[in-house]
Amino acid sequence: MSAPNIETIVSLSKRRGFVFPASDIYGGLGSSWDYGPLGVELANNIKSSWWRSFVYERDDMEGLDSAIIQNRLTWKYSGHEDTFSDPMVDCRACKSRYREDKLVDELGSTDAVGKSLQEQGIKCPNCGEVDWTEPRPFNLMFRTTVGAVSSDDDPAALAYLRPETAQGIFTNFANVLNTSRRKLPFGIAQIGKAFRNEVTPGNFIFRTREFEQMEIEYFVKPDDAGRAHQEWIDACRSWITSLGISGSNLKDYEQLSHELAHYSERTVDVLYRFFPERDDESKQWDELMGIANRSDYDLRMHSKKPEDREGKRLNPDSTEDLSYFDTATNERFYPYIIEPSIGVNRTLLAVMMDAYTEKTNEKGETRVILKLKPELAPIKVAVLPLAKNKPEIVEMAKKLKHELQPSMRAVYDDTGGIGKLYARQDEIGTPFCVTVDHESLEDNAVTVRDRDTWEQERIAVDQLSDWLVARLQKN
Ligand code: GAP
């Protein structure tokens, strides 16, 4: 089982402290979300898993953390200033604003491709009228100014918040290549915030204006790009399923030529079933990640060398040539780039949806269990005293928690009866609960309860840490 809809996760997140609406006390900000005590742990665990799998466990990767605000020219030569826009339409009746392509995806019929919203009779989701303006491009980059400027539209001070982490990797290609003494193929990984002034953010943390990306730019010889692209598609699918996401809720989508970004030769998206409640199966899916073959576009565009047919430099502002010299063949060329790019926030949402299950207890009550992989669980173990009015039990439980916490995230909780405490930990995905009872004072052993089976086992205190570590690693 997985969550029946995103709303179930919204409510669990707010109830238990995964994700809260940002600036809620001032009415919120539509698409901004804050990650609470459990959300920040889950997001950190997802990022660690990604970094470990793709940086530490491979021989061909380096890491990077580049700036969010770069020289504006980065975005000129990347093509974002000219082309990073979405088609925006307004409803003339109620003035609501939408992304045209998303309205078509969600409300249009598949045999009406190429027809306008008006021709397809697509109704405004807000007021139900069919009275649309013509679509016009809306650039998604957030603008800001750098330094103490006299006017907000001083072009010399104009800068952007990065809309993808990728460009910081391209502009550092030579720095990383030279300092790490790498040879092709190799890749650079980066995790960081990105910002897009989305026309229609929504669906909780699925589409927001501020989000976090985990991106890899993998540099290869042009002839190797096709094979490397497929290898990365397979590697990404296998990492996603390693997070516990079921293959039946994932599918690949080959982008059509008119859908490709300006830099892409081929892009395969991995879709997740984010909208299982929709009757039309084809509309249940949306993008979890994209894996693009960006050709040699980026390194060429950021280089001082290439010239057009008339001998004019493509980039008269760059001071560096980002071509690569292959000592084996004595050839110089611009590497092709394979780019697996995935959002932390969308991954977190997919992980929570897929881990969501319900189980009925012996009293006929429905309990939520978040069956997170132990590696991802925000809390690995909760230590619970059976009787909070018995000082020796409380003291033993608190001591145990302190002994466990150097090797795993452990919490102590005595704010309810044991049944309630178990239910609370099940709902937030804690793999194990340790209960200290009257007998523990005699036999120096505790009861360990498994989140998924609800089975209990008696474990000696001096073996507890090793016992838990072994099981947390195994799952
Ligand atoms: N560098 C390539 C790139 O940025 P993208 O398909 O635009 O490609 C990559 O974004 C991933 O970033 C998406 O698959 C998604 O997981 C995440 N993402 C993009 N826009 C997002 C948004 N507005 N809110 C949340 N996540 C987003």
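Model, not experiment: these values are computed from the prediction. Read the numbers this way: they start at 1 and go in the same order the structure lists the ligands and their atoms. Heavy-atom basis, side chains included; hydrogens, waters and symmetry copies ignored.
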Could you tell me whether some N/O pair between Glu164 and ligand 1 is separated by less than 3.5 angstrom? yes

For the side chain to side chain contact (heavy atoms under 4.5 Å, CB included) test, which of Glu164, Glu217, Glu215, Met214 pairs with Ser341? Glu215

Geometry only, no angles: is Gly343 polar-contacting ligand 1 at N/O separations under 3.5 Å? yes

Closest protein heavy atom (residue, atom, distance) for atom 15 (C) of ligand 1: Arg346 NH1, 3.6 Å

For the 3.5 Å polar cut-off, considering only N or O atoms, please tell me whether Arg196 and ligand 1 meet it. yes

Partner residues of Ser48 under the side-chain contact (heavy atoms from CB on, under 4.5 Å) criterion, sequence neighbours left out: none

Parallel, tilted or perpendicular, as decided by the 30° and 60° cut-offs, for the rings of Phe219 and Phe186: tilted

Short list, please: which atoms of ligand 1 are under 4.0 Å from a heavy atom of Leu288? 14 (O), 15 (C), 16 (O)

Short N or O distance, Asn345 and ligand 1, threshold 3.5 Å exclusive: no

With Ser323, which residues qualify under side-chain contact (heavy atoms from CB on, under 4.5 Å), at least two apart? Asp321, Arg332, Tyr334

In this structure, atom 8 (O) of ligand 1 is nearest to the protein heavy atom Ser341 OG, 4.1 Å

Pair Tyr35-Glu212, side-chain donor/acceptor within less than 3.5 Å: no

Under a 4.0 angstrom heavy-atom cut-off, which atoms of ligand 1 come close to Glu215? 1 (N), 2 (C), 3 (C), 4 (O)

4.0 Å heavy-atom contact, Arg294 with ligand 1: yes

Considering only heavy atoms of Glu339, which atoms of ligand 1 have at least one such atom less than 4.0 Å away? 1 (N), 2 (C)

